[in-house]
2 protein chains.
Amino acid sequence: MSTKDRILDAAETLFADAGYDGVSLRQITSAAGVELALANYHFGPKSDLFLAVVQRRADELNRERMTLLAALPDPPTMEGLIDAFARPFMEKSLRGGAGWKSYARLIAQIANSQRWTQAVMHTQFDPVAEAFIKGAKRALPEADPRNLYWGFHFMVGAMTMTFAETGRIDVLSRGKCKSGALDKIYQRMIPFLAAGFRRLAEA
Amino acid sequence: MSTKDRILDAAETLFADAGYDGVSLRQITSAAGVELALANYHFGPKSDLFLAVVQRRADELNRERMTLLAALPDPPTMEGLIDAFARPFMEKSLRGGAGWKSYARLIAQIANSQRWTQAVMHTQFDPVAEAFIKGAKRALPEADPRNLYWGFHFMVGAMTMTFAETGRIDVLSRGKCKSGALDKIYQRMIPFLAAGFRRLAEA
DNA sequence: GTCTATAGCTTGATAGAC
DNA sequence: GTCTATCAAGCTATAGAC
């Protein structure tokens, strides 16, 4: 495994647990088993390393989302549309290894802070978001387009928190619900969100 | 204004913008216009200051939420229940001053990270969450209780991201939607979420 | 590409005078 | 309750040898 990948993997885990400022380059290179100076040599400043961590999986995720979105019938159903957007993330989180779990926790923090909205959310995720909105306009042609943007926003909020698996719901439900049972949650999330979109389309 | 309050206000704004580790005690006391040593004198270690910042408004918020929840008819409607939970936050964010906007950005980060789940979410917000779930069981008695926990989870994800006002939706919608127009968004969020809950109850 | 060594700064916390 | 001064540790970034 290359030095670059070792650094990216270590940075991903640590950034996911403690955030950008909660982790030092020393912790990252130490966890990766490489020298401190190599982080700067391969990635430049710390902020560029952070962006590289996020970009690596965003590219793969977006490619799959775009493929699924393009394969939908026209007009698509809302359920199909939401599934095309959410399924790649769910599958990778369940079966892609620990790196994807870290990435999910990282994205939840990024999506909920102003700090990385421009550099990460707009740069890396807006093209897919626009493809989703375009599909939603076909699925619900009678809807006010603004309501579809808001629906998308509510969906992203519910999804990022779900994939982050903070464990809060496990304690709150006294073990009846499990954050880690993503496939079970997924079966509930899709209809929940689709019903919300449909209700907004009627308004 | 007391030294303690000056420190709390400055810390709130800075923590909301950059997170716990992104802000130093020097930045906080400097913004508050007091000496560095006073942060430790009044609040103890940095982590205790952070918890004090969150607790201050959580107490006020929870009191109002509990009052509204207790005033609902039995059985309540899902719309009424969600409104009782969300309205105090929305009103304060719209009319409570800049401190409540900072607090909303802070809560969005906390709710989406594992790091503060125990010390903040469970400690400060679980009692109200349980009151909400109890009401949801009355509103939708035919629902599997687990689905109500998941609905609550999706609701919190959508709500925290909405109140955080990251501005992403403004750019994505090319100005058609505005993060800051919380009252308009609120009218869409309540039916979106209520329809989601109802759909889960049918499953 | 990798390593050692270090410059230049910032950090949280506190001791001790007032 | 407030202030000055400081400690010990940590930080990012980089220069220079190999």
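In the text below, chain A, chain B and the rest are named by the order of the sequence lines, each starting its count at 1.
Remark: DNA chain D takes part in the stems C:1-18 with D:1-18, each of 3 or more antiparallel Watson-Crick or G-U pairs, criterion distances under 3.5 Å.
Summarising the geometry, the separation between CG on B:Asp21 and C1' on D:dC11 is reported as 13 Å, rounded to the nearest angstrom. For A:Asn40 and C:dG1, the CG to P distance is 14 Å, given to the nearest whole Å. Computed from coordinates, the B:Tyr20 OH to C:dG12 P distance equals 8 Å when rounded to whole Å. Taking atom CG of A:Leu38 as the reference point, atom C1' of C:dA5 lies 14 Å away to the nearest angstrom. Rounded to whole Å, atom P of C:dG1 lies 18 Å from atom CG of A:Leu36. Rounding to whole angstrom units, CG of residue B:Leu25 and P of C:dT14 are separated by 11 Å. Protein atom CD1 of B:Ile28 is 11 Å distant from nucleotide atom P of C:dA13, rounded to whole Å. Taking atom OH of residue B:Tyr41 and atom P of nucleotide D:dT2, one finds them 8 Å apart after rounding to whole Å.
Within residues 8-19 of chain B, no residue is approached by DNA chain D to less than 4.0 Å at the level of any non-hydrogen atom. Using a 4.0 Å cutoff on non-hydrogen atoms, no part of residues 45-55 of chain B comes near DNA chain D.
Atom CD1 of residue B:Ile107 and atom CG of residue A:Asn112 lie 11.5 Å apart, to the nearest 0.5 angstrom. To the nearest 0.5 Å, atoms CH2 (B:Trp100) and CZ (B:Phe89) are separated by 7.0 Å. Rounding to the nearest 0.5 Å places CG of B:Asn40 at 11.0 Å from OG1 of B:Thr29. In this structure, the separation between OG1 on B:Thr123 and CD on B:Gln118 is 5.5 Å, given to the nearest 0.5 Å. The OG1 atom of B:Thr3 lies 5.0 Å from the NE2 atom of B:His42; values are rounded to the nearest 0.5 Å. A:Tyr186 OH to A:Met90 CE: the interatomic distance, rounded to the nearest 0.5 Å, is 5.0 Å.
Between the side chain of B:Lys46 and the main chain of B:Val23, a donor-acceptor pair closer than 3.5 Å is present. A:Asn62 places a side-chain N or O within donor-acceptor distance of the main-chain N or O of A:Gln124, the cut-off being under 3.5 Å.
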Take A:Ile185 and A:Glu165 through the test side chain to side chain contact (heavy atoms under 4.5 Å, CB included) and record every step on the way to the result. CA-CA 11 Å; A:Ile185 304 158; A:Glu165 300 183 32; over 6 Å; no
Does the salt bridge (charged side-chain N to carboxylate O under 4.0 Å, His left out) test come out yes or no for B:Lys176 and A:Asp144, once each step is laid out? CA-CA 11 Å; B:Lys176 286 192 279 290; A:Asp144 181 336; over 6 Å; no
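In the set C:dG1, C:dA15, C:dC3, C:dG1 carries the atom at the smallest distance from any side-chain atom of A:His42. In the set D:dT6, D:dA15, C:dA15, the nucleotide with an atom closest to the side chain of B:Ala37 is C:dA15.
The six-membered or imidazole ring of A:Trp150 lies away from that of B:Phe192, with a centre-to-centre distance of 6.0 Å or more.
For C:dG1, neither phosphate oxygen OP1 nor OP2 lies less than 4.0 angstrom from any side-chain nitrogen or oxygen of A:Thr3. A sub-4.0 Å separation between OP1 or OP2 of C:dT10 and a side-chain N or O of B:Ser24 is absent.
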